[in-house]
Amino acid sequence: MKNWEQAWLAYQSNKEYGDKKIFRSYYTMENSNCCRKAEEEIRRSCKALFGTEPVKASHRGDAGIVLEKNPALETGEEGYRICVSDSQAVIQSTGDRGLLYGTFRLLLKASAGETVCGMDIMEKPKNPFRMLNMWDNIDGTIERGYAGRSFLYENGEIQITDRTADFARLLASAGINAIAINNVNVRDGAEWLITQRHREKLKVLARILGDYGVAMYLCIDFAAPMTIDGLPLSDPLDSRVRQWWKEKAGDLFGDIPNLGGFLVKADSEGRPGPFAYGRNHADGANMLAEAVRPYGGTIIWRCFVYNCQQDWRDETTDRAKAGYDNFAYLDGKFAENVILQIKNGPIDFQVREPVHPLFGRLSETNQILEVQAAQEYTGQQIDVCYLVPMWKEVLDFSTGCGKEQDTVADIISGRTFGQVRCGMAAVSNTGKDPNWTGHDLAGANLFGFGRLSWDPALGSEEIAREWTKLQITRDPQAVELITGILLRSREVYEKYTAPLGIGFMVNPSYHYGPNPEGYEYSPWGTYHRADHLAIGVDRSDAGTGYSEQYFEQNASVYRNKETCPENLLLFFHRLPYTYRLSSGKTLIQHVYDTHFEGYEDVEDMEREWLTLEGKIPQEIYERVKERFALQKKNSREWRDVINSFFYRKSMIADEKGRRLY
Ligand code: GCW
């Protein structure tokens with residue numbers, strides 16, 4: 001297997017590494033599975049990095065690396081302390097997973113070529129849940145998958161291959177500790193994952209993940225009692241339904257080691273849920289919570305609920321408001337083992353959206369922030385788009401909820417309201433492609449998600465740089481160049497696609513490429529309502545009132561077009577094309593300028609990439625080169641389609657005299 005097929009665990013040979021004496025041998029008295037995996041990783045990495053086979057020392061004093069539990073430390077189960085002298089690295093934790101995470105931290109530092117001698121750190125994850133959501137279907141396809149087919153399933157069966165453990169290693173090395181293994185849209189046979197039919201392989205999968213400290217979650221079909229066992233209904237308050245889930249939970253938890261619980265998409269985009277019986281989301285979630293409680297299980301319930309059967313002529317229903325309307329009033333009604341999972345924004349993973357207004361409102365409810373590493377609306381892993389800066393904006397957003405620590409990062413870590421079941425989840429961007437993520441540079445999003453969910457205070461740049469060194473090259477110039485591309489990629493993507501927070505000008509269903517009216521008259525509720533004079537939906541207090549779902553600190557900013565951040569202007573306001581922005585430019589001129597610029601930026605990024613030939617692994621160079629050619633085509637198309645659309649609507653020419661069609 002090629003190094004790059006291990007993504008950021010590539011461990012590219014570095015025989016000149018100054019601190020390699022540390023990696024000559026290791027010592028441990030621990031024998032948990034996690035610890036064994038840590039030992040395995042030490043052997044594997046040293047071989048690849050330094051060409052040496054470290055020995056297991058029989059005396060602590062002789063060893064280069066020591067792994068030991070230390071109950072006196074305040075690391076918690078997952079945290080660690082790493083202390084490195086000139087000749088020995090001591091990794092300690094109160095828990096086994098902490099030893100594994102600590103080992104990965106030390107090894108990744110060495111793999112990045114950084115010195116480890118003198119290191120003295122104690123780190124703990126800031127978020128209890130750091131989870132990946134696979135949208136893999138049991139037939140082997142992946143919903144919104146852009147890196148090939150699924151490596152978890154084929155033809156209706158779970159696949160256990162070398163990739164399974166490799167994936168678990170990747171997750172643990174980035175600090176990810178939970179995974180939902182199937183698509184939240186549970187259909188086409190995936191309903192049966194919770195039956196005996198798949199049990200043996202499910203147990204093996206759970207064990208492989210568990211060895212790396214990754215808890216396994218299953219997405220379930222809310223109507224499973226009907227689908228699987230022919231019950232007449234799936235009303236969460238019906239005693240037969242409750243009993244069915246209790247037995248199901250007993251069966252699953254009794255059999256499968258390392259099962260965390262269920263992730264549920266209910267009453268959303270056609271999935272069944274409690275609404276059919278006049279019940280609410282708390283009724284639904286709590287029923288399942290009661291079933292899994294005896295086993296310490298958790299129910300993660302998604303808040304992506306809205307009317308997807310809207311009539312475009314209806315101007316009063318605002319999809320952006322739906323999440324809040326469906327869940328805010330239920331605060332305090334959910335069982336302690338229920339977590340609500342909330343997308344970063346109120347619509348759907350657009351390149352620019354405001355932060356979801358539920359953050360800060362749920363003071364008595366566990367919550368997880370959901371982001372999408374899969375680049376559904378951000379270039380589909382054809383265009384480069386490093387998402388960590390966007391996720392950081394969300395995490396750093398001050399909700400104004402009245403507590404001293406009021407950012408999204410504070411809330412989802414439990415600092416604000418004292419919750420313990422909370423954290424972050426990302427929709428995975430992986431598949432069967434040898435490099436895991438299709439676009440090699442998309443590896444930075446998966447790694448970045450793990451690192452950021454471990455510690456939201458890490459910088460986008462530091463994560464990008466670390467990832468580049470691990471996965472692509474340690475060559476300092478190349479690292480600077482690639483980091484530079486990553487850091488500006490989202491802004492570039494934003495420039496050539498839908499402007500000023502308007503979103504959704506994409507091709508229906510597959511969501512790649514421009515189509516300004518692709519969703520305009522559809523039932524999905526994502527309208528921009530452009531006419532010949534103006535564009536946008538007034539979501540202020542004078543319009544749909546969406547801005548009023550925020551605490552006053554933010555509501556007052558959003559409801560006025562003068563104070564609304566410009567990159568969200570068309571999300572919150574309906575404005576004429578002649579509206580003047582703070583730069584003095586008209587709105588329409590801003591659209592033209594950013595679209596011409598965005599395309600030029602892509603040309604620049606491509607030009608820079610081409611200078612890397614011979615400096616980085618050839619296969620990576622070639623693959624990314626190909627993607628840049630496609631991105632250039634895509635960005636040119638976006639530029640032309642968007643500019644033409646606005647020109648044709650407004651009939652206002654470009655001030656700079658560039659040709660519009
Ligand atoms: O972004 C939308 C996607 C759907 C997805 C849904 C969701 C899994 O287009 O494919 O379904 O969101 O998050 O549930």
Side-chain angles (χ1 to χ4, degrees), residues 131-139 141-147 150 152-153 179-191 193 217-222 262-273 275 281 284-285 300-310 319-320 322-323 326-327 339-353 356 358 367-381 385 387 390-391 394 424-431 445 449 497-498 503-513 515 518-519 522-526:
M131 183 171 195
L132 215 57
N133 289 184
M134 309 305 280
W135 282 2
D136 294 39
N137 299 313
I138 197 152
D139 65 0
T141 58
I142 303 179
E143 181 147 352
R144 313 305 175 187
Y146 311 107
S150 169
L152 288 171
Y153 310 97
I179 182 175
I181 58 158
N182 59 312
N183 187 357
V184 289
N185 288 326
V186 185
R187 55 181 178 221
D188 303 326
E191 308 87 302
L193 276 173
Y217 284 71
L218 293 166
C219 290
I220 53 115
D221 170 18
F222 196 77
F262 304 145
L263 168 61
V264 194
K265 172 175 178 176
D267 286 316
S268 163
E269 300 185 328
R271 305 319 301 156
F275 283 177
H281 289 282
I300 306 177
W301 189 272
R302 294 175 89 230
C303 293
F304 185 58
V305 176
Y306 66 98
N307 174 6
C308 63
Q309 296 294 328
Q310 208 180 317
R319 170 165 163 181
N326 276 296
F327 288 92
I339 306 179
L340 294 187
Q341 182 164 302
I342 309 165
K343 287 192 183 184
N344 61 275
I347 300 285
D348 194 12
F349 300 135
Q350 302 301 292
V351 71
R352 179 73 62 180
E353 279 187 50
H356 204 297
L358 273 177
Q367 55 214 287
I368 277 180
L369 162 66
E370 177 180 337
V371 297
Q372 193 186 41
Q375 293 168 237
E376 178 177 1
Y377 299 96
T378 50
Q380 302 199 350
Q381 288 144 251
C385 191
L387 294 165
M390 168 165 135
W391 300 336
V394 175
M424 282 179 82
V427 178
S428 187
N429 59 356
T430 47
N445 287 331
F449 167 73
T497 54
F504 257 99
M505 288 186 158
V506 290
N507 279 307
S509 91
Y510 62 93
H511 298 166
Y512 188 74
N515 190 341
Y519 273 96
S522 75
W524 299 94
T526 52

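Numbering of ligands and ligand atoms starts at 1, following listing order.
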For [atom], which protein heavy atom lies nearest, and how many Å away is it?
atom                    : value
atom 9 (O) of ligand 1  : E376 OE2, 2.6 Å
atom 12 (O) of ligand 1 : K343 NZ, 3.1 Å
atom 8 (C) of ligand 1  : N185 ND2, 3.2 Å
atom 10 (O) of ligand 1 : E143 OE2, 2.4 Å
atom 6 (C) of ligand 1  : E269 OE1, 3.3 Å

**Study point:** Min N/O separation S268 to ligand 1 under 3.5 Å
**Key:** no
| request: Could you tell me whether some N/O pair between N183 and ligand 1 is separated by less than 3.5 angstrom? | output: no
So if I count the atoms of ligand 1 from 1 in the order they appear, which ones are less than 4.0 Å from some heavy atom of [X]?
X    : value
F304 : 6 (C), 7 (C), 12 (O), 13 (O), 14 (O)
K265 : 6 (C), 7 (C), 8 (C), 11 (O), 14 (O)
R144 : 3 (C), 4 (C), 9 (O), 10 (O)
H511 : 9 (O)

Ignoring hydrogens and angles, tell me if any N or O in the side chain of [X] forms a donor-acceptor pair with the backbone of [Y] under 3.5 Å.
X    : Y    : result
R271 : N185 : no
D267 : F275 : yes
N133 : A426 : no

Between R302 and E269, does any side-chain N to carboxylate O distance fall below 4.0 Å?
no
ask   = Would K343 and D348 pass as an ion pair if we require N to O under 4.0 Å?
value =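 Salt bridge present between K343 and D348.
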Ranking V184, V427, N133, D348 by closest non-hydrogen atom to atom 2 (C) of ligand 1, top hit is D348
Filtering F349, Y377, Y510, W135 for the heavy atom nearest atom 5 (C) of ligand 1 leaves W135
Within the 4.0 Å heavy-atom cut-off, what Q372 brings close to ligand 1 is neither
Among T141, N182, I142, T430, exactly one meets side chain to side chain contact (heavy atoms under 4.5 Å, CB included) together with S150. Which residue is that?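 Only match with S150 under side chain to side chain contact (heavy atoms under 4.5 Å, CB included): I142.
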Result for side chain to side chain donor-acceptor pair (under 3.5 Å) between E376 and one of Q350, R144, Q381 points to R144
Stepwise ring-ring contact (aromatic ring centres under 6.0 Å, His included) test for Y519 and H511: CA-CA 10 Å; Y519 273 96; H511 298 166; 5.5 Å; yes
| message | We want to know whether N183 and N137 form a side-chain donor-acceptor pair, criterion being a heavy-atom distance below 3.5 angstrom. | response | yes
